[in-house]
J.: 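This is the structure, below, for whatever I ask next.
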Protein chains: 2
Amino acid sequence: MDGGLEKSRRITLNDIARACGVSRATVSLVLRRSPLVHADTRRRVEAEMLRQGYVYNRAAANLRQRVSTTVALVINDLSNPFFAEFAAGVDEALGVKGYVTLLGSSNESPARQRQVLGSLIEHHPAGIILSPAENSDVADVELAIGRHAPLLVFNRKLTGTPAPGFEYDFLGLDNRAGARAATKRLLELGHRRIAFYGGHADSSSCRERRLGYQDALGEAGIPIDPRSMIETAPTRLEANAHADALFAIDAAPTAAVCYNDAVALGLMLGLTRLGRHPGVDFAVTGFDDIPEAALGVPPLTTLSADPRARGRQAAELLLQRAAAPSLLRRSVVVPVLLTERESTPHALRA
Amino acid sequence: MDGGLEKSRRITLNDIARACGVSRATVSLVLRRSPLVHADTRRRVEAEMLRQGYVYNRAAANLRQRVSTTVALVINDLSNPFFAEFAAGVDEALGVKGYVTLLGSSNESPARQRQVLGSLIEHHPAGIILSPAENSDVADVELAIGRHAPLLVFNRKLTGTPAPGFEYDFLGLDNRAGARAATKRLLELGHRRIAFYGGHADSSSCRERRLGYQDALGEAGIPIDPRSMIETAPTRLEANAHADALFAIDAAPTAAVCYNDAVALGLMLGLTRLGRHPGVDFAVTGFDDIPEAALGVPPLTTLSADPRARGRQAAELLLQRAAAPSLLRRSVVVPVLLTERESTPHALRA
DNA sequence: CTGAAAGCGCTTACAG
DNA sequence: CTGAAAGCGCTTACAG
């Protein structure tokens, strides 16, 4: 008794063909819904497949056809809801098109990312969607995946210069415009001392968001104090821990544009700990609009990127590329929308 | 110019063999690190593989060897951090053992789950890890996957009775003991009117948690008022919306054991909206210990299940099963730990 | 409308 | 230590 697992013998096309007294080719045609097969034969074959519990072996078919029905998806941080939603969107859109997602998670480690890519590429996916670990070098990625499958990079640029001929598509958020919009709104609300809080300054998204922040301040004629840009790891925990850095500045800020929602939520806790009242005497904005943003205390003003939709978009871009490898590579930058909630009060009289 | 994608011709073992003047078999032995191959030959072959950018085709190898190096992972709700962490843990442990994760997400839809399972099974995974959508029927699952791959079900039982011979392993949390521990603790803190809040009463995990809650009340000699068990969808939003149901009861409760953290966080918001102060004049407990639990306002007393560790555990259980299909099926129930935080104050004098 | 044969990229006995 | 041959489960011309 093997507990219901028929490890020993798998049912193949041959078994069905033999049982029906037809050739393998005929069974194959039935599977592929070819109109060439006589209706009676088709019915007999289909009944037999059901009876024997036949399961199509797509790997074998793909090998013969020299095609692939898988796409590799490598995610830097599944525990961040932004990326988890993105992954769900990718999987959803791929499923609709008959593709299966090969998942890999790098946990923000470039070494693990290399390893994961190397392992996934051996399954010869039709393409790769990579949400890169921080500081992923383009040469590293090329070494891991070669040039066999089209690559779509999400969210963060790869560092370094690609070797000639190594190309990839990019899907990202309009970080600069988003941060600029948030900062402008704070200015409209009367804030004049506004900090940029959190994120690693050397990550491409943080750099871009800082630029947007500076754009808005510049346009308002407010000089930029480099000390008002505070670096933290982009996590709730770190953002919480470093909140006091905001008040080490001579004239303390009344508002902070945060690198992302995780940082903003962490900062709000830190502010509360320090006796401040975010949403009352201090304004905070985030980035991403993760589900918790709307439900925080106070609800967080943030920039919506709809990660699930971005996932679907990434899947579609990649499949388009796989179908037309010679077309020019694209860099798609998605606008983000300012969603105002209670975390951004008017500036108070000092 | 094809943009660096060599869609046309893939490098195979044959190309390497020809270039080195050896047979395919020899190259294959080099790949598999056989000591039979002369060191010089090995070096020549390895150099040639690097030069031509050879990528091993694991699907072809698996086909020939009649083995599988993939595992299917089907998740009901990736946007819930509990399941996202679980998925990350599964992927991590599988990666270590050289397996690749085939991802599928059902978004809590049994229909989509059927479809996803049907598609994944065609890739002949070595096994399937299923975190089922609510109300997944065991017969449905069997229909989709047959009996070809071992199945590990996580977190929720399947509904219905399995057909004779259809068996699966189960990994779940000790829901009953967990809810009992939380309720007991509230009793120790002096609470006497305690509600059970949230969740769908017909889900196995909710049923079990309600039983644990009733166990504790029963042991304390407190009669159970069925109206003190309030049903909501297990989401933050719904939990928030129905908070007032707690105060429709004659003698309003001073504490609520919540179905899970999402519900508890939602309820705390709802309480605040109603002018209550969770953590001060009302006690709330959760279940899961998602990252937000510790960072909520107030931080949430909850039951820790360490979903990432559960993911690793699920992967290991499944691979054990795949190696020993005939062993008796197992049902592993993991204890959960009460983690006390500020959301559970002593009962106040009414 | 159906069948015999070749082949996808690999591995595995079996010779030598 | 290396090669020729067969075969994993499928599909695809090509006959008939």
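Each chain gets a letter, A, B and so on, in the order the sequences are listed, and its residues count up from 1.
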J.: If I take atom CZ in residue A:R32 and atom C1' in nucleotide D:dA13, what distance separates them, rounded to the nearest angstrom?
T.: 13 Å
J.: Check the distance between C:dC10's P and B:R58's CZ and give it to me in whole angstrom.
T.: 11 Å
J.: Between C:dG7 atom P and B:N57 atom CG, what is the distance in whole Å?
T.: 18 Å
J.: What is the separation between atom NE2 on A:H124 and atom P on C:dG9, rounded to the nearest whole Å?
T.: 9 Å
J.: What's the closest nucleotide to the B:Q65 side chain, out of D:dT11, C:dT12, C:dC10?
T.: C:dT12
J.: Of all residues at least two apart in sequence or in a different chain, which pass the salt bridge (Lys or Arg N to Asp or Glu O under 4.0 Å) check with A:R112?
T.: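 By the salt bridge (Lys or Arg N to Asp or Glu O under 4.0 Å) rule, A:R112 matches no residue at all.
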J.: In whole angstrom, what separates B:L63's CG from D:dT11's P?
T.: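 Rounded to whole Å, this separation is 12 Å.
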J.: Under the side-chain contact (heavy atoms from CB on, under 4.5 Å) rule, collect the residues that match up with B:D91, sequence neighbours excluded.
T.: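 By the side-chain contact (heavy atoms from CB on, under 4.5 Å) rule, B:D91 matches A:L103, A:S105, B:T101.
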J.: Using side-chain hydrogen bond (donor to acceptor under 3.5 Å, both in side chains) as the criterion, list what pairs up with A:E108, not counting sequence neighbours.
T.: A:N76, A:R156
J.: Under 4.0 Å: is that the gap between some side-chain N or O of A:R66 and OP1 or OP2 of C:dG9?
T.: yes
J.: Can you give me the N/O atom pairs linking the protein to nucleotides 2-6 of chain C at distances under 3.5 Å, or say none if there are none?
T.:
unit_1 : atom_1 : unit_2 : atom_2 : d
C:dT2  : OP1    : A:T41  : OG1    : 2.6
C:dT2  : OP2    : A:H38  : N      : 3.2
C:dG3  : OP2    : A:S23  : N      : 2.6
C:dG3  : OP2    : A:S23  : OG     : 3.4
C:dG3  : OP2    : A:T26  : OG1    : 3.1
C:dA6  : N6     : A:R24  : NH2    : 3.4

J.: Under the side-chain hydrogen bond (donor to acceptor under 3.5 Å, both in side chains) test, which residues partner B:R58, sequence neighbours left out?
T.: A:E122
J.: Given atom CG of A:L31 and atom C1' of D:dT11, what is their separation to the nearest angstrom?
T.: 11 Å
J.: For residues 27-39 of chain B, which residue pairs pass the side chain to side chain donor-acceptor pair (under 3.5 Å) check, not counting sequence neighbours?
T.: B:R32-B:Q65
J.: Between A:E167 and A:R147, is there a side-chain N and carboxylate O pair less than 4.0 Å apart?
T.: no
J.: Taking NZ, NE, NH1 and NH2 as the nitrogens, is one of them in A:E46 or A:R43 under 4.0 Å from a carboxylate oxygen of the other?
T.: no
J.: Between P on C:dC10 and CG on B:N62, what's the gap in Å once rounded to a whole number?
T.: 12 Å
J.: Who passes side-chain hydrogen bond (donor to acceptor under 3.5 Å, both in side chains) against B:S79, sequence neighbours left out?
T.: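 Checked B:S79 against side-chain hydrogen bond (donor to acceptor under 3.5 Å, both in side chains); matches are B:D77.
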J.: Please give the stem ranges for DNA chain C, sorted by first residue number, where a stem is three or more consecutive Watson-Crick or G-U pairs and both donor-acceptor distances are under 3.5 Å.
T.: C:1-3 with D:14-16, C:5-12 with D:5-12, C:14-16 with D:1-3
J.: Go through the structure and list residues passing side-chain contact (heavy atoms from CB on, under 4.5 Å) with B:A111, not counting sequence neighbours.
T.: B:S109, B:R114
J.: What's the OH-C1' distance between B:Y54 and C:dC10, to the nearest Å?
T.: 7 Å
